[in-house]
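One structure below.
So that the names make sense, note that chain A is the first sequence line, chain B the second, and so on, each numbered from 1.
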2 protein chains.
Amino acid sequence: MPETRRRSAPATRAAILEAARTRFGAHGFDRVRLRDVAADVGVDPAMVIRYFGTKEGLFAAAAEFELNLPDLTGVTADELGHVLMPRFFGVWEDDAGFLSLLRAATTSEAAAAKMLELFTGQVTPAVAAVVTDHAPERAALLGSQILGLAVSRYVLKVPPLAHMSRAELEAWVTPVIRHYLTDPRPVVSG
Amino acid sequence: MPETRRRSAPATRAAILEAARTRFGAHGFDRVRLRDVAADVGVDPAMVIRYFGTKEGLFAAAAEFELNLPDLTGVTADELGHVLMPRFFGVWEDDAGFLSLLRAATTSEAAAAKMLELFTGQVTPAVAAVVTDHAPERAALLGSQILGLAVSRYVLKVPPLAHMSRAELEAWVTPVIRHYLTDPRPVVSG
DNA sequence: GGGCGAAGTCAACCGTCGATGACTTATGCT
DNA sequence: AGCATAAGTCATCGACGGTTGACTTCGCCC
């Protein structure tokens with residue numbers, strides 16, 4: 001009698017999801033094999049299909065998450081960086097789902113659309129709380145800097161950024177956040 | 001007698017490369033089939049292998065290119081944005097090779113390494129011409145903003161950024177470039 | 001104008017991988 | 001105990017796609 005203790009369905013489902021998040025986060029959608037995810041959990045590949053239907057279904061479940069941006073109401077211009085940056089680090093370092101989505105978004109229309117939803121559904125509303133005009137533009141510009149940092153630090157691992165302390169990165173980026181969120185819209189000639 | 005005019009080898013090779021750049025730029029490495037590239041050129045898939053050996057070989061050839069950053073020597077802090085941003089637009093809008101590389105870099109170690117080379121081999125040296133200290137950090141931070149803009153505008157197509165005029169984008173980003181390149185390194189507590 | 005080498009085609013192989021469906025085993029209930 | 005059901009396995013299918021090698025056709029040069 002081999003020691004094959006049998007789990008509950010929700011437990012297995014959760015374990016598969018967890019393994020999928022990690023794999024997708026590390027290698028993107030196309031490079032991940034269902035067989036690998038199943039092996040991580042110690043389960044037959046058929047189980048993955050059983051619980052998530054298709055590989056796309058698994059990915060969709062793995063890429064589901066919340067940014068949980070802090071409420072910016074009443075935050076002063078100078079505090080913005082210190083309020084936002086810790087959340088930035090948390091999102092990218094603790095939740096592999098976000099990395100998965102970023103990796104997939106460069107290749108898949110569906111993932112790109114999901115990423116867009118984050119902008120319009122979560123970033124823009126959060127930004128709107130401290131901003132008086134052009135919230136979508138400001139949110140998009142801020143988002144572009146954040147996304148660029150994530151790509152550079154967590155995907156490409158550009159040495160100076162990958163090794164930089166959180167505090168130093170925050171210090172460099174804070175003025176940029178303030179600029180995008182609080183400076184008046186620049187005058188464009190022409 | 002069918003109209004099957006036969007090209008020279010270099011011409012065919014070049015046509016394949018061109019088609020590959022476009023496909024890779026649009027869909028990334030994994031989603032592109034050699035058969036599609038060959039079909040674009042009106043040629044048998046075997047030709048692609050004949051000229052480039054493997055799919056990786058084709059990609060490597062397609063992702064080869066130069067940033068051709070302008071010489072920043074003597075450029076004043078306020079002019080930096082106006083000197084750099086046109087080059088930014090040129091690189092991303094005219095050369096599909098760069099988009100290919102970006103798309104692939106989120107998924108492939110080899111492509112990521114190639115992207116890193118661009119930072120150390122081309123961005124950092126260019127930046128070093130106008131900077132007095134911490135050139136690698138400054139180059140990486142600047143690069144992160146540029147990369148983020150490219151991802152947002154050309155890959156995700158975040159609406160406000162995708163539609164924004166070059167002039168307006170330049171106006172928004174110029175202060176950020178100046179900050180990263182010319183502001184003193186911020187003081188980090190702790 | 002005949003033959004040689006380059007340009008190009010064709011068919012097929014072979015590994016990979018997502019998906020399927022029938023089968024087996026454990027668990028919980030009465 | 002015994003059975004119904006959920007949990008899990010197993011073998012396999014079928015499509016896809018990179019790669020190969022043998023074959024065919026064009027263009028050129030003597």
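The separation between M47(A) atom CE and dT20(C) atom P is 15 Å, rounded to whole Å. Counting to the nearest Å, the C1' atom of dC16(D) and the CG atom of D36(B) are 12 Å from each other. Look at CD on E56(A): it is 10 Å from C1' on dG18(C), rounded to the nearest Å. Put simply, CZ on F29(A) is 12 Å from C1' on dC17(C), counting in whole angstrom units. When rounded to the nearest whole Å, the span between CD1 of I49(B) and P of dT19(D) equals 4 Å. Rounded to a whole Å, the CG atom of D30(B) is 12 Å from the P atom of dG18(C).
Using a 4.0 Å heavy-atom distance criterion, V41(B) is classed as making no nucleic acid contact. The residue V37(B) sits apart from the nucleic acid: no heavy atom pair falls under 4.0 Å. Heavy atoms of V48(A) sit nowhere under 4.0 angstrom from any nucleic acid atom.
The residue among P45(B) and L34(A) whose nearest nucleotide of DNA chain C is located toward the 5' end is P45(B). DNA chain D is contacted by both V43(A) and V32(B); V43(A) maps to the nucleotide lying nearer its 5′ end (nearest heavy atom per residue). Between R35(A) and Y51(B), the residue whose closest nucleotide on DNA chain C is further toward the 5' end is Y51(B).
The side chain of D44(B) has dC10(C) as its nearest neighbour among dG8(C), dC10(C), dT9(D). For A46(A), the side-chain atoms get nearest to dC10(D) when compared with the rest of dT19(D), dG8(D), dC10(D). Here dG18(D) is the nucleotide among dG8(D), dG18(D), dG18(C) with the atom lying nearest to any side-chain atom of K55(B). Comparing dT20(D), dA7(C), dT9(C) by their closest approach to the side chain of R50(B) singles out dA7(C).
Taking 4.0 Å as the cut-off between side-chain N and carboxylate O, R185(B) and D133(B) do not count as a salt-bridged pair. Note on E18(A) versus R13(A): no salt bridge recorded, every NZ/NE/NH1/NH2 to OD/OE distance being 4.0 Å or above. Residues R31(B) and E109(A) are not paired through a salt bridge, judged by the lack of any N-O separation under 4.0 Å between the basic side chain and the carboxylate.
The closest side-chain heavy-atom distance from T174(B) to L84(B) is not below 4.5 Å.
Ring-plane geometry between Y154(A) and W92(A) is classed as parallel, the angle between the planes falling under 30 degrees on a 0 to 90 degree scale with a further cut at 60.
Between dA7(D) and T12(A), no contact under 4.0 Å exists linking OP1 or OP2 to a side-chain N or O.
Taking 3.5 Å as the limit, the base of dG18(D) and the side chain of R33(B) contain no donor-acceptor pair of atoms between them.
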